[in-house]
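Here's the structure we're looking at; comments come further down.
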2 protein chains.
Amino acid sequence: MNGQTISDRIERWGLYEVWLTGAEDGNPFLDVRLSAQFKHKHRVVEAWGFYDGDGHYCIRFSPDALGAWTYVTRSDCSALDGETGAFTCVEPSPANHGPVAVCNTYHFAYADGTPHFPVGSTCYAWTHQGDDLEKQTLATLGHAPFNKLRMCVFPKHYVYNRNEPLYHPFAPAGAGGWDFSRFNPRFFQHLEQRVGDLCQLGIEADIILFQPYDRWGYSTMPTEADDRYLRYVVARLAAYRNVWWSMANEYDLMASKSMSDWDRFFRIVRESDPYQHLCSIHNCRCFYDHRKPWVSHCSVQRSDLSRAREWREAYGKPVVVDECQYEGDIEQGFGNIPGWELVHRFWLGTIAGCYVGHGETYRHPEDILWWAKGGVLHGESPSRIAFLRRILEEGPPEGIEPISRWAGGREGEYYLFYFGVHQPSIWTFDLPPSARYRLEVIDTWAMTIAPVEGTFGGRFQVALPGKPYLAVRIRKAG
Amino acid sequence: MNGQTISDRIERWGLYEVWLTGAEDGNPFLDVRLSAQFKHKHRVVEAWGFYDGDGHYCIRFSPDALGAWTYVTRSDCSALDGETGAFTCVEPSPANHGPVAVCNTYHFAYADGTPHFPVGSTCYAWTHQGDDLEKQTLATLGHAPFNKLRMCVFPKHYVYNRNEPLYHPFAPAGAGGWDFSRFNPRFFQHLEQRVGDLCQLGIEADIILFQPYDRWGYSTMPTEADDRYLRYVVARLAAYRNVWWSMANEYDLMASKSMSDWDRFFRIVRESDPYQHLCSIHNCRCFYDHRKPWVSHCSVQRSDLSRAREWREAYGKPVVVDECQYEGDIEQGFGNIPGWELVHRFWLGTIAGCYVGHGETYRHPEDILWWAKGGVLHGESPSRIAFLRRILEEGPPEGIEPISRWAGGREGEYYLFYFGVHQPSIWTFDLPPSARYRLEVIDTWAMTIAPVEGTFGGRFQVALPGKPYLAVRIRKAG
């Protein structure tokens with residue numbers, strides 16, 4: 001028996017691997033087809049395998065049901081075909097809630113039903129910076145409020161990003177070029193390690209499959225190389241429960257790709273991914289048509305969060321405003337807003353029933369900007385974002401729905417008013433008269449929560465501090 | 001000879017009056033038609049007269065050319081017809097620059113060529129508050145930065161505006177109603193006094209002819225009463241050089257008026273006004289089509305000043321954003337932004353080549369809110385608006401044209417960068433390489449202007465303080 005598995009007991013939504021040994025000659029990335037059919041009772045799930053170099057082949061699988069599973073491999077290479085095995089799927093460990101999926105139309109939940117309120121950040125090229133900085137990034141994330149991280153597979157070429165990556169995704173060809181038909185397993189092993197590290201920290205890896213900032217040719221590969229790359233990445237990474245797919249960062253800046261390319265990429269990922277992970281695409285100027293059936297949620301770049309509700313309504317899916325400009329002081333307009341403005345945009349998006357993402361771009365003597373390379377956080381927004389995350393987690397588990405220009409929540413049950421720059425010193429609330437509610441005045445910047453004495457119902461006025469960036473939380477009494 | 005004039009020497013753009021005595025019986029407001037033809041060399045200008053009560057009739061005229069003028073009256077009442085007179089138009093006093101008109105497509109200038117950069121405020125109902133408060137308002141305006149004031153002819157009924165006006169524009173009819181065919185001269189004499197007071201202070205009176213906030217019936221008069229009212233107001237006020245006409249405040253909230261009513265009102269005012277004063281109309285939600293030929297400039301309500309340039313381009317006329325929400329702390333969203341946010345909006349509009357207006361709505365124990373009743377100013381924005389006005393007056397006399405997202409000015413000559421909430425700590429400027437420029441870093445809130453050492457040209461980088469609400473002024477050296 002060729003098959004070698006890591007363990008015969010695997011936790012639900014954990015990572016199971018079947019390792020096989022096979023041909024090294026020719027080009028196994030092109031020549032060998034490998035998959036396995038995993039069977040639980042009468043249900044069969046097929047997962048694609050991948051070549052990991054040096055004659056090593058692997059099929060990864062993440063079981064979603066408790067109990068006995070068996071598998072049988074399928075390959076056009078006889079040494080890899082027909083291998084069988086069995087394992088038992090056991091209860092997940094306490095921190096493992098499974099992969100995140102869309103829930104309640106505009107919101108998210110883990111597979112075990114725990115709500116997931118995305119509070120994301122962005123470190124586009126963090127996995128290309130070498131061990132020291134990558135470990136520092138992980139240490140920072142261990143104490144940061146973020147539960148999702150946008151990160152590119154490919155290295156990044158851009159302002160503040162001139163360093164060469166540690167690994168390249170393809171084997172070198174002559175004249176500084178790359179052989180797009182031969183992947184570099186070391187590159188992907190490293191990427192997987194980092195995705196796994198994030199999983200350990202409870203952070204979703206929002207994996208960006210293509211992006212325009214490139215000097216190596218990864219943004220302009222031929223069609224068959226693009227498609228093969230997608231299948232390879234999905235075969236390697238889909239079994240990590242914390243994976244989200246992002247077809248691209250700023251897809252609309254990639255002149256060499258057409259809209260039908262993007263549509264095809266979505267179909268390839270959706271066809272290849274046994275778990276149907278969350279799947280979106282991020283714009284620069286023009287939104288992709290998120291109504292298309294393969295898009296699970298909107299991943300948008302826009303700075304005017306007062307319009308967030310429009311996008312919800314336009315697409316009928318969860319809206320994650322992953323980029324609404326970053327806290328920082330660089331010259332580029334996307335990266336020089338103050339922390340309080342970013343926090344303001346988080347709150348605007350929140351009461352509109354959307355989710356907002358963080359990034360940080362303070363200039364650094366060694367060009368280590370969080371948004372690209374990770375490292376440590378310097379800004380004033382993360383602590384306030386942690387505060388907002390706490391508010392979200394104390395709120396309705398189904399998520400916040402937009403109620404009015406000033407408030408989101410769950411009609412009759414929970415209201416989160418947010419006044420932004422507006423500084424009323426009095427406010428008239430109009431709640432259902434049949435119930436009683438408790439009010440708290442929240443200073444979103446000072447991170448204070450001050451209860452208002454008494455209980456309230458119907459139409460009533462409350463004095464407010466008359467300063468900007470206040471919120472009022474209203475919850476049913478008793 | 002019936003005619004009685006104030007003087008036989010009148011300054012250019014001053015106010016000349018012909019007073020006549022005629023019929024008191026019947027309804028002179030309806031029955032008597034009166035005008036005068038004023039003649040300067042071969043040129044003839046006809047101005048309408050008005051009945052001022054007690055048998056007094058008046059024709060007002062504002063001469064725009066120096067030298068000898070004669071006039072002859074025309075009336076269907078023989079006692080008022082054929083009266084003649086003469087006067088000499090002399091050089092204006094130093095503070096008299098004549099009426100304001102559109103200049104350079106998107107800007108304004110007084111008739112003597114002096115640029116006018118509108119820096120307006122809003123006291124909708126200030127002339128209805130009685131002498132004490134009105135004099136306090138005038139005293140405040142004497143030290144405030146504003147050179148234009150939006151004010152309604154009719155009294156206002158609204159939140160914080162429940163008091164009865166001192167005078168009513170019409171004669172009382174039975175049952176608390178009004179005889180719309182009989183004006184109350186005392187009302188208009190008082191209004192004129194206030195318009196004249198503003199003129200003395202160098203402030204343009206942006207006179208709002210209709211508005212929706214009404215409990216007396218002035219917003220729902222019959223068609224013929226509307227039209228007669230307009231002609232009467234124009235006959236009385238057009239000779240004041242500081243008059244601007246605003247057909248309405250929030251015309252789109254007046255359900256009883258159709259778009260063809262508004263178009264007719266414009267035509268009536270334009271046909272009746274010998275001086276073709278600036279003429280616009282102010283929206284709540286929906287812009288009037290400012291491309292219509294009788295509109296001199298756009299008078300708009302919008303809070304998102306980052307879009308100001310769009311409106312310039314859409315209408316091809318000067319844009320005055322008279323209402324972009326007010327500094328204050330009331331409950332209504334239009335009246336509770338902090339001073340710094342209002343100042344920010346002023347700057348955004350300025351670099352877009354537009355003009356922005358002020359208002360103030362801080363709660364007051366006696367409901368005396370500047371935006372409606374005048375009084376004194378409490379806010380933090382007026383001093384910063386004065387600072388901006390100084391910047392404008394030190395800038396290009398032709399006005400500021402939008403240049404980029406970040407800057408307005410005159411290409412090659414003058415640039416005013418404004419970074420808003422953005423806080424770059426470095427900036428790359430790209431100026432014509434053939435000239436040398438001096439730079440100043442402006443803190444729009446602290447009201448400081450710090451020169452940057454040296455002269456600059458071409459493409460160069462400058463370190464900036466890395467905080468929000470900074471501007472950079474660039475002027476040609478030497």
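On a predicted model such as this, the values are computed, not experimentally measured, just so you know. Throughout, a chain's letter reflects where its sequence line sits, starting with A, and its residues are numbered from 1.
At a 4.5 Å heavy-atom cutoff, B/T361 makes no contact with chain A through either its backbone or its side chain. A/P338 touches chain B through backbone and side chain together, each having a heavy atom under 4.5 Å away. Residue contact with chain B, scored on non-hydrogen atoms closer than 4.5 Å, involves the side chain of A/Y469 exclusively. If you measure heavy-atom distances from A/S306 to chain B, you find no contacts under 4.5 Å at all. Heavy atoms closer than 4.5 Å to chain B are found in the backbone of A/I330, but not in its side chain. Looking at B/F419, neither its backbone nor its side chain comes within 4.5 Å of chain A, counting heavy atoms on both sides. For A/Q325, the part lying near chain B is the side chain, with the backbone staying farther off; criterion is any non-hydrogen pair under 4.5 Å.
Contact detail for A/W406 and B/G333: the closest heavy-atom pair is CZ2-CA, 3.9 Å.
Enclosure of atom CZ in A/R162 by more than 12 non-hydrogen atoms of other residues, nucleotides or ligands within 6.0 angstrom is indicated. Around atom CZ of B/R285, no more than 12 heavy atoms belonging to other residues, nucleotides or ligands sit under 6.0 Å away.
Within residues 377-388 of chain A, no residue has any heavy atom less than 4.5 Å from a heavy atom of chain B.
The CD atom of B/E341 lies 10.0 Å from the CD atom of A/Q423; values are rounded to the nearest 0.5 Å. A distance of 10.0 Å separates CD of B/Q332 from CD1 of A/I426, quoted to the nearest 0.5 Å.
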